[in-house]
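Before any comments, here is the structure.
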Amino acid sequence: MEQGNTRTCIYCNNDKAWIFSGKKLKDGSKVYVDERGSRWAGRRCPECERSRVYAAVRCDSFEKDIIIKQFQDNGFAVTSKTLPIKVEKDGKKYTVGIKRAFTNDGKIVLETPVEPGHDLVALVFESVRICTADQLSKLSEQVGYFQED
């Protein structure tokens, strides 16, 4: 690998190593990596791309729609629904990170650490309630079903 420059990641806004690996893709575009050989994804550094893919795999459309609704209910305008979600309020723009969480002994436990570059973090608390089908049918008056807008 030849020595390269640095490039500012559009997600975390940090300058990171951006080194041409000497390889090209089938479409002729060059492959750039960081100092550890991890591949850049366009203008996203390898760490932010890994985080984005992980969040996309872990966060289904149901969870994402719940998060978006929470922001809208709190007066935010959602400017991008793709991950990472981007919102705006009072002229300020925010990038939203998503973390699964649960409570244990009075503490909030996050699935993984929060990555740099997220201005706000949506904590998705996981909870489990076990009930029989009969119990659920008795709650039918209080049960609704998700409908996408």
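Just so you know, residue 1 is the first one in the sequence shown, and it goes up from there.
Shown here is I108, whose CD1 atom has no more than 12 heavy atoms of other residues, nucleotides or ligands within 6.0 Å.
For K64, there are no salt bridge (charged side-chain N to carboxylate O under 4.0 Å, His left out) partners at least two apart in sequence or on another chain. For T112, the side-chain hydrogen bond (donor to acceptor under 3.5 Å, both in side chains) test picks out K99, with sequence neighbours left out. Annotation: ring-ring contact (aromatic ring centres under 6.0 Å, His included) contacts of Y32 (sequence neighbours excluded): W18, F20. By the side chain to side chain contact (heavy atoms under 4.5 Å, CB included) test, L136 pairs with C131, V143, sequence neighbours left out. By the side-chain hydrogen bond (donor to acceptor under 3.5 Å, both in side chains) test, D15 is found to be paired with T8, residues two or more places apart in sequence or in another chain being considered. With sequence neighbours excluded, the residues that form a side-chain hydrogen bond (donor to acceptor under 3.5 Å, both in side chains) with S80 are T82. In this view, D73 and K69 satisfy the side chain to side chain contact (heavy atoms under 4.5 Å, CB included) rule, not counting sequence neighbours. By the side chain to side chain contact (heavy atoms under 4.5 Å, CB included) test, T132 is found to be paired with D134, Q135, residues two or more places apart in sequence or in another chain being considered.
Clustering of Ile, Leu, Val, Met, Phe, Trp and Tyr by side-chain heavy atoms under 4.5 Å joins F102 with V109.
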Name every donor-acceptor pair, under 3.5 Å, that has one atom in a side chain of residues 83-98 and the other anywhere in the protein, sequence neighbours excluded.
residue: K86; atom: NZ; partner: T95; partner atom: OG1; Å: 3.4
residue: K89; atom: NZ; partner: N74; partner atom: O; Å: 2.8

Side-chain donor-acceptor distances from residues 41-50 under 3.5 Å, at least two apart:
residue: R44; atom: NE; partner: E49; partner atom: OE1; Å: 2.5
residue: R44; atom: NH2; partner: E49; partner atom: OE1; Å: 3.1
residue: E47; atom: OE1; partner: K16; partner atom: NZ; Å: 3.1
residue: E47; atom: OE2; partner: R36; partner atom: NH2; Å: 2.4
residue: E49; atom: OE1; partner: R52; partner atom: NE; Å: 3.0
residue: E49; atom: OE2; partner: R52; partner atom: NH2; Å: 3.0

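Put simply, V121 and L110 are part of the same group of oily side chains (I, L, V, M, F, W, Y) that touch within less than 4.5 Å, one to the next. If you chain together hydrophobic residues whose side chains sit under 4.5 Å apart, L120 and V78 fall into the same group. Connection of V114 to F125 is established within a shared hydrophobic cluster, with ILVMFWY side chains joined at heavy-atom distances below 4.5 Å, either directly or through further cluster members.
Interatomic distance, S61 OG to I66 CD1, rounded to the nearest 0.5 Å: 9.5 Å.
With a 4.5 Å cut-off on side-chain heavy atoms, W40 and I19 do not count as touching. No side-chain heavy atom of C9 sits under 4.5 Å from any side-chain heavy atom of N14.
N104 places no side-chain N or O within 3.5 Å of a backbone atom of K107 that could act as its donor or acceptor partner.
For residues 20-32, no residue pair satisfies the salt bridge (charged side-chain N to carboxylate O under 4.0 Å, His left out) rule, not counting sequence neighbours.
The two residues A122 and I67 make their nearest non-hydrogen contact at CB-CG2, 3.8 Å.
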